[in-house]
Amino acid sequence: MGRFNGIEYVEKWSPLPSHTIITAAVGCSVLVVLASILLYRQPSKTAAKITRIFVHPIKSCRGTSVLSCEYTPMGLRNDRIFVIVDKETHRTITAREIPKMVLIHPHIDDESMLRIQFPEGSGISPVLIPLAPTEDILKDWKRLEDVQIWSHTTDGYICQSVDGKGADPSASLSKYLEREVFLIFKGPNIRYVKPTSTFPNLQAAAVFQDGYPLLIASEESLADVQHKIELSAQGVEGWSINGVAGEWEGQIVMERFRPNIVIK
């Protein structure tokens with residue numbers, strides 16, 4: 001048996017169908033699917049519930065809360081299928097480096113287009129790009145073979161606007177971020193994730209997620225983080241957190257951690 005935030009699970013593989021629909025059933029208990037969703041583990045009978053589901057089309061940008069989403073072997077459908085990279089090095093740029101990336105809001109329009117909106121007052125107009133570009137569209141997009149994401153090297157296409165009209169997405173992002181960047185759509189090469197000590201023969205893949213296809217968080221963990229920050233702000237001995245001192249009135253929201261699935 002294993003334990004994750006007090007929830008027990010059986011460490012045993014149980015394949016999850018590649019097109020499972022995950023639904024946020026607020027107020028309705030469901031069997032713990034935590035491990036099944038993450039690494040196909042078989043759930044136990046401990047009750048929990050999925051309270052929120054988030055999809056982040058562009059890595060490190062704002063996500064969208066949805067009621068249900070299709071699960072694929074490489075994560076939730078349309079999650080982190082785009083990434084922003086440095087124009088020269090093709091290295092992935094995240095909000096750790098440029099925090100205001102989280103203010104960029106990609107909207108999925110009719111399951112076929114991605115509308116990228118910038119903060120009000122930025123002076124940058126929304127950009128519309130294909131959400132799932134066809135082979136005919138990709139023929140006109142330049143393909144990069146050296147997209148760097150942490151220790152991985154993978155491929156991707158430099159995105160263009162719909163029908164080649166309108167503002168160039170990379171130019172608009174470069175203007176907002178004040179840095180020359182490309183917006184990249186994941187190419188066909190499979191990006192395998194690293195095996196773990198528990199699963200040394202793991203064969204799984206991801207798109208542009210950090211390490212593994214899904215990120216799961218719990219409301220209890222968020223509350224615990226909030227409590228520890230408050231202890232640090234109050235100067236309680238043994239609870240010093242770098243940069244947190246004095247008065248603290250803020251509430252940490254789950255969106256800051258950009259999870260895919262939130263459980264309670």
Side-chain angles (χ1 to χ4, degrees), residues 19 21-22 24 37 52-85 92-119 122 124-134 137-138 141 144 147 149-150 152 154-163 166-174 176-177 181-188 191 205-217 253-262:
H19 297 288
I21 301 296
I22 300 172
I37 294 169
R52 302 183 74 181
I53 301 173
F54 292 97
V55 176
H56 306 76
I58 303 178
K59 183 176 180 66
S60 269
C61 294
R62 184 175 174 181
T64 298
S65 179
V66 298
L67 292 177
S68 65
C69 188
E70 180 182 341
Y71 169 84
T72 78
M74 290 191 288
L76 298 187
R77 185 183 179 204
N78 297 325
D79 185 68
R80 294 169 172 90
I81 57 175
F82 296 91
V83 71
I84 298 172
V85 304
T92 292
I93 300 172
T94 72
R96 299 177 182 87
E97 188 173 350
I98 307 180
K100 69 177 181 178
M101 285 178 66
V102 301
L103 301 179
I104 301 170
H105 196 177
H107 292 268
I108 296 176
D109 287 355
D110 300 324
E111 293 296 320
S112 62
M113 299 293 169
L114 187 70
R115 183 181 301 275
I116 305 171
Q117 291 189 305
F118 297 88
S122 67
I124 304 175
S125 300
V127 176
L128 194 65
I129 63 174
L131 179 63
T134 63
I137 291 176
L138 292 176
W141 291 14
L144 302 179
V147 175
I149 176 165
W150 311 133
H152 295 260
T154 189
D155 64 336
Y157 295 91
I158 300 175
C159 298
Q160 303 295 326
S161 58
V162 174
D163 297 328
D168 177 76
S170 295
S172 295
L173 286 165
S174 296
Y176 175 69
L177 298 175
V181 301
F182 283 138
L183 177 63
I184 300 294
F185 173 73
K186 181 69 180 73
R191 178 185 163 226
V207 192
F208 287 125
Q209 298 92 340
D210 277 349
Y212 296 91
L214 288 170
L215 175 61
I216 298 176
V253 295
M254 185 64 77
E255 286 84 346
R256 292 188 62 173
F257 297 93
R258 294 188 291 283
N260 293 122
I261 297 173
V262 181

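We're numbering straight along the sequence, starting at 1. Just so it is clear, the values below take in all heavy atoms, side chains as well, and ignore hydrogens, waters and symmetry mates.
- The salt bridge (charged side-chain N to carboxylate O under 4.0 Å, His left out) check on Arg62 picks up nothing, with sequence neighbours excluded.
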The test is salt bridge (Lys or Arg N to Asp or Glu O under 4.0 Å); show your working for Asp210 and Lys59 and say whether it passes. CA-CA 9 Å; Asp210 277 349; Lys59 183 176 180 66; 2.5 Å; yes

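- Evaluation of the side-chain contact (heavy atoms from CB on, under 4.5 Å) rule for Val162 yields Met113, Leu128, Pro130 as partners, not counting sequence neighbours.
- Here Ala167 pairs with Val127, Ser172 under the side-chain contact (heavy atoms from CB on, under 4.5 Å) rule; sequence neighbours left out.
- Counting heavy atoms from C-beta outward, Val147 and Phe182 have side chains that stay 4.5 Å or more apart.
- Under the rule for a side-chain contact (heavy atoms from CB on, under 4.5 Å), the partners of Ser60 that lie at least two apart in sequence or sit in another chain are Thr94, Ala95, Met101, Arg258.
- Among residues two or more places apart in sequence or in another chain, the side-chain contact (heavy atoms from CB on, under 4.5 Å) test is passed with Asp155 by Arg143, Glu145, Lys186, Pro188, Asn189.
- Scored by the side chain to side chain donor-acceptor pair (under 3.5 Å) test, Asp168 finds no partners at all (sequence neighbours excluded).
- Evaluation of the salt bridge (Lys or Arg N to Asp or Glu O under 4.0 Å) test over residues 98-109, restricted to residues two or more places apart or in two chains, returns Lys100-Glu178, Asp109-Arg115.
- For the side chain to side chain donor-acceptor pair (under 3.5 Å) test, residues two or more places apart in sequence or in another chain that qualify with Glu97 are Arg91, Arg179.
- The ring-ring contact (aromatic ring centres under 6.0 Å, His included) search around Phe185 returns Phe82, not counting sequence neighbours.
- Applying the ring-ring contact (aromatic ring centres under 6.0 Å, His included) criterion to His107, with sequence neighbours excluded, gives His105.
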